[in-house]
Amino acid sequence: MSVDRSYSPYEVIRAYHDRGMMKWGAFATGELTEAQNTFEKEKKDDKIIQTLPHHLVIHLLNQSFSNQVQIKVKYQSKGKLIEVYGFVSEFINNQVRLKSTDKIYIISIEQIINIS
């Protein structure tokens, strides 16, 4: 579809070609980028894990040790959140030894964030 602009005395107006929806692309891209950034921020906020109280951590570790039940321990080490599956094999001072299928972990009880 073309618009007749022959009425205009100016060559620029007569030669103008409307790009249609292309002119809105920058606005749509900006809104999409903003929506994706908001979504990613909300997704990160959802990942915040509540830290278990110290006495509950010790209680769950004792339960796992006495019943020899496998647990999943989430703990913070060097700014990273690490998940380990295993069995509690021993308590050493303020640390716990956790045996997984491939490795033995010694984790400080203060570093433990969650147990399931």
Side-chain angles (χ1 to χ4, degrees):
M1 187 171 122
S2 180
V3 178
D4 182 24
R5 294 190 179 88
S6 61
Y7 61 87
S8 179
Y10 301 104
E11 175 65 27
V12 174
I13 293 175
R14 288 192 309 268
Y16 176 75
H17 175 67
D18 188 9
R19 298 183 305 155
M21 291 303 292
M22 287 177 53
K23 62 185 168 190
W24 300 105
F27 295 109
T29 304
E31 288 178 0
L32 178 62
T33 303
E34 185 179 340
Q36 286 175 331
N37 290 340
T38 303
F39 176 75
E40 288 297 322
K41 183 180 181 296
E42 289 173 358
K43 194 165 91 173
K44 286 179 185 175
D45 292 344
D46 290 344
K47 287 188 176 181
I48 295 174
I49 298 171
Q50 295 291 342
T51 304
L52 289 177
H54 186 69
H55 69 280
L56 189 56
V57 168
I58 293 173
H59 175 72
L60 292 172
L61 291 172
N62 281 328
Q63 288 288 329
S64 172
F65 178 72
S66 61
N67 297 324
Q68 281 303 296
V69 177
Q70 185 176 11
I71 58 174
K72 177 173 72 171
V73 176
K74 291 183 183 179
Y75 68 98
Q76 185 114 19
S77 177
K78 299 178 184 174
K80 291 185 178 181
L81 190 62
I82 302 171
E83 289 184 359
V84 177
Y85 292 88
F87 297 91
V88 176
S89 64
E90 186 178 7
F91 290 96
I92 308 166
N93 296 332
N94 204 16
Q95 298 175 331
V96 62
R97 180 180 289 173
L98 201 68
K99 284 187 181 179
S100 73
T101 55
D102 60 339
K103 195 173 177 182
I104 295 175
Y105 296 89
I106 298 176
I107 305 167
S108 173
I109 294 175
E110 279 81 31
Q111 290 178 320
I112 295 175
I113 296 173
N114 199 348
I115 296 176
S116 53

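Here, residue 1 is the first one in the sequence, and each next residue gets the next number. In what follows, every heavy atom counts, from backbone to side chain, and hydrogens, waters and symmetry copies are set aside.
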Original post:
So do L98 and V73 actually touch side chain to side chain, heavy atoms under 4.5 Å?
Top reply: yes
**OP:** Of all the heavy-atom pairs spanning I115 and L52, show the shortest one and how long it is.
**Re:** N-CD1, 3.5 Å
Original post:
Hey, what do you get for OG (S77) to CG (L81), rounding to the nearest 0.5 Å?
Top reply: 10.5 Å
Subject >> Short side-chain to backbone donor-acceptor contact, R14 and S8, under 3.5 Å >> reply: yes
**OP:** Apply the test side chain to side chain contact (heavy atoms under 4.5 Å, CB included) to residues Q63 and V69: give CA-CA distance (whole Å), side-chain angles for both, the deciding distance (0.1 Å), then the verdict.
**Re:** CA-CA 8 Å; Q63 288 288 329; V69 177; over 6 Å; no
Subject >> Euclidean distance, E83 CD relative to K74 NZ, rounded to 0.5 Å >> reply: 4.5 Å
Original post:
Which distance, rounded to the nearest 0.5 Å, do you find between the OH of Y7 and the CD1 of I13?
Top reply: 6.5 Å
**OP:** Go through the steps to decide whether F65 and V96 satisfy the test side chain to side chain contact (heavy atoms under 4.5 Å, CB included), and finish with yes or no.
**Re:** CA-CA 10 Å; F65 178 72; V96 62; over 6 Å; no
**OP:** Examine distances only and state if a side-chain atom of T51 and a backbone atom of I113 form a donor-acceptor pair shorter than 3.5 Å.
**Re:** no
Original post:
Should we say atom CG of N67 is surrounded by more than 12 heavy atoms from elsewhere, each under 6.0 Å from it?
Top reply: yes
**OP:** Indicate the atoms forming the closest heavy-atom contact of Q68 with F87, along with that distance.
**Re:** O-CE2, 3.5 Å
Original post:
When rounded to the nearest 0.5 angstrom, what distance separates CD in E110 from NE2 in H54?
Top reply: 5.5 Å
Original post:
Which heavy-atom pair separates Y75 from V84 by the least distance, and what is that distance?
Top reply: CE2-CG2, 3.6 Å
Original post:
What distance separates I107 CD1 from Q95 CD, expressed to the nearest 0.5 Å?
Top reply: 9.5 Å
Subject >> Hydrophobic cluster identity match, V88 and Y85, side-chain contacts under 4.5 Å >> reply: no
Subject >> I109 and L61: CA distance, side-chain angles, deciding distance, side chain to side chain contact (heavy atoms under 4.5 Å, CB included) verdict >> reply: CA-CA 9 Å; I109 294 175; L61 291 172; 4.3 Å; yes
**OP:** Answer yes or no: are there more than 12 heavy-atom neighbours, outside E34 itself, under 6.0 Å from its atom CD?
**Re:** no
Original post:
When rounded to the nearest 0.5 angstrom, what is the spacing between CD1 in I112 and CG in L60?
Top reply: 9.5 Å
